[in-house]
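For the numbers below, each heavy atom of this structure counts, side chains included, while hydrogens, waters and symmetry mates do not. Keep in mind that what you see is a predicted model, and the values were worked out from it rather than measured.
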Amino acid sequence: MSTWYSPGGKQALVLGMVHLAPLPGTPFHRPDTFPEILDTAVASARALYEGGADGCLVQTVDRVYGVADESDPARTAAMGLIVRAVTEATGPDFRVGVQMMRNATRASLAVARVAGGDFVRAGALVGQTLTAHGMVRPDPLAVMAYRRSIDAEGVGIVADIDSMHFKWFGEDKTCAEVARAARTVGADAVALSHPDERTALRMIESVREAVPQLPVILAGHTDHGNAARLLAAADGAFVGTCLESGGWGGRIDADRVRRYVDAVRESGR
């Protein structure tokens with residue numbers, strides 16, 4: 001079983017987002033820019049590490065995605081090189097996650113296992129979700145079988161259950177019901193978010209009641225002003241825009257990271 005996060009811990013995890021420009025093997029990759037993408041990712045990870053964050057999520061970013069659980073070989077190789085460079089540039093306790101969008105969970109597991117990552121984020125692990133690129137239909141059996149086949153059961157899986165990336169499609173299910181389903185198939189934690197703070201807190205509470213030992217990670221909509229309140233209830237947060245200079249996709253600023261982490265730690269989390 002994965003030990004990337006210890007349930008019941010008092011300290012909430014601050015996990016910064018390392019957003020990557022389109023990689024080789026994708027339609028909008030700019031030729032000969034991979035060295036720049038790699039350097040930017042390492043610089044952002046170092047800023048998170050030096051600013052006191054607990055880890056990062058290295059996430060592919062593109063304008064169009066496939067919806068199947070698959071990844072172009074060049075893209076997977078590029079991601080592996082980046083994740084390995086990030087792990088080498090940070091400390092042994094710095095948790096490094098992998099997410100290959102839209103939902104290439106098995107490729108993400110492979111990269112994490114080979115390159116030294118600690119966890120992956122699955123945009124969809126149970127049910128299905130409608131996106132601008134089509135319907136994403138995950139196959140949890142295939143994911144878990146592959147995880148075992150490459151001896152990656154120590155790599156955690158964080159499953160989105162209600163977020164910018166996932167909304168349950170079909171018959172109505174509560175956030176708590178989706179969390180329970182994700183846990184049943186093998187998720188080690190779940191990710192959720194909502195722009196309204198009170199709604200987000202109610203969602204966290206409902207998951208706590210349904211699956212008490214399952215870590216809950218916030219998947220957006222936190223900033224320096226609300227982080228202390230939201231992370232008093234959650235177990236961690238994926239944090240992006242408010243840490244990036246120049247807005248979404250910019251390099252991460254270590255001072256912004258310190259202020260975010262300080263706000264969370266001063267609240268006792």
Side-chain angles (χ1 to χ4, degrees), residues 1-2 5 7 15 17 57 59-71 97-109 119-148 153 155-222 230 233-238 240:
M1 180 178 176
S2 168
Y5 182 87
L15 304 166
M17 298 295 298
L57 176 67
Q59 183 187 72
T60 59
V61 177
D62 211 331
R63 289 160 53 186
V64 61
Y65 303 95
V67 295
D69 184 357
E70 60 188 26
S71 174
V98 182
Q99 184 177 24
M100 301 186 71
M101 296 279 284
R102 170 70 65 170
N103 200 47
T105 308
R106 286 178 292 179
S108 298
L109 281 166
F119 68 96
V120 302
R121 179 180 175 187
L125 185 63
V126 293
Q128 58 184 352
T129 187
L130 182 61
T131 75
H133 310 109
M135 186 71 75
V136 178
R137 295 184 173 92
D139 185 344
L141 175 60
V143 169
M144 295 305 165
Y146 183 71
R147 185 192 197 188
R148 173 167 287 187
E153 290 174 300
V155 176
I157 296 180
V158 183
D160 278 52
I161 58 169
D162 193 337
S163 67
M164 291 178 278
H165 296 306
F166 182 90
K167 298 290 181 186
W168 183 274
F169 184 87
E171 63 182 86
D172 288 341
K173 281 193 180 293
T174 65
C175 186
E177 289 174 318
V178 182
R180 188 183 294 111
R183 178 56 179 154
T184 297
V185 304
D188 300 285
V190 293
L192 58 82
S193 65
H194 197 281
D196 179 72
E197 186 175 324
R198 291 184 179 180
T199 301
L201 290 171
R202 286 196 297 270
M203 292 164 66
I204 296 167
E205 183 180 4
S206 71
V207 173
R208 291 271 189 250
E209 292 176 355
V211 199
Q213 297 301 312
L214 186 65
V216 178
I217 309 298
L218 293 167
H221 304 299
T222 71
L230 287 167
D235 297 294
F238 294 127

Atom [atom1] of [X] and atom [atom2] of [Y]: how far apart are they, to the nearest 0.5 Å?
X      : Y      : atom1 : atom2 : result
Ile161 : Ile217 : CD1   : CD1   : 11.0 Å
Gln99  : Met17  : CD    : CE    : 6.0 Å
Arg180 : Glu209 : CZ    : CD    : 10.5 Å
Met144 : Leu109 : CE    : CG    : 8.0 Å
Tyr65  : His133 : OH    : NE2   : 7.0 Å
Asp162 : Lys167 : CG    : NZ    : 3.5 Å

**From CA spacing to verdict: salt bridge (Lys or Arg N to Asp or Glu O under 4.0 Å), Arg102, Asp62** = CA-CA 9 Å; Arg102 170 70 65 170; Asp62 211 331; over 6 Å; no

Heavy atoms only: give me the nearest [X]-[Y] pair and the separation to one decimal.
X      : Y      : result
Ala107 : Asp69  : N-OD1, 4.5 Å
Val143 : Thr105 : CG1-CG2, 3.9 Å
Ala176 : Ser206 : CB-O, 3.5 Å
Ala124 : Phe166 : CB-CD1, 3.7 Å
Gly156 : Asp188 : CA-OD2, 3.4 Å
Leu192 : Cys175 : CD2-SG, 3.9 Å

**Trp168 side chain near Thr174 side chain, heavy-atom distance below 4.5 Å** =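 With C-beta onward as the side chain, the pair stays apart.
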
Would you find a donor on one side and an acceptor on the other, under 3.5 Å apart, between the side chain of [X] and the backbone of [Y]?
X      : Y      : answer
Arg106 : Ala142 : no
Arg208 : Pro212 : no
Ser163 : Ser193 : no

**Prompt:** Where do Val178 and Val190 land on the side chain to side chain contact (heavy atoms under 4.5 Å, CB included) test, with the steps shown first?
**Reply:** CA-CA 9 Å; Val178 182; Val190 293; over 6 Å; no

**Prompt:** Would you call Arg147-Glu153 a salt bridge at under 4.0 Å N-O?
**Reply:** no

**Asked** How far apart are the C-alpha atoms of Leu230 and Leu201, what are their side-chain angles, what is the distance that settles it, and do they pass the side chain to side chain contact (heavy atoms under 4.5 Å, CB included) test?
**Response** CA-CA 7 Å; Leu230 287 167; Leu201 290 171; 4.0 Å; yes

**Message:** Please determine whether side chain to side chain contact (heavy atoms under 4.5 Å, CB included) holds for the pair His194 and His221, giving the CA-CA distance in whole Å, both sets of side-chain angles, and the decisive distance to 0.1 Å.
**Reply:** CA-CA 7 Å; His194 197 281; His221 304 299; 5.5 Å; no

**Prompt:** How are the rings of Phe238 and Phe119 set to each other: parallel, tilted or perpendicular (split at 30° and 60°)?
**Reply:**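 Correct class here is parallel.
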
**Qualifying residue for side-chain contact (heavy atoms from CB on, under 4.5 Å) with Leu125, from Asp160, Ile157, Asn103** =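 That would be Ile157.
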
**Request:** Check the pair Gln213, Arg183 against side chain to side chain contact (heavy atoms under 4.5 Å, CB included), reporting the backbone distance first and the verdict last.
**Result:** CA-CA 10 Å; Gln213 297 301 312; Arg183 178 56 179 154; over 6 Å; no

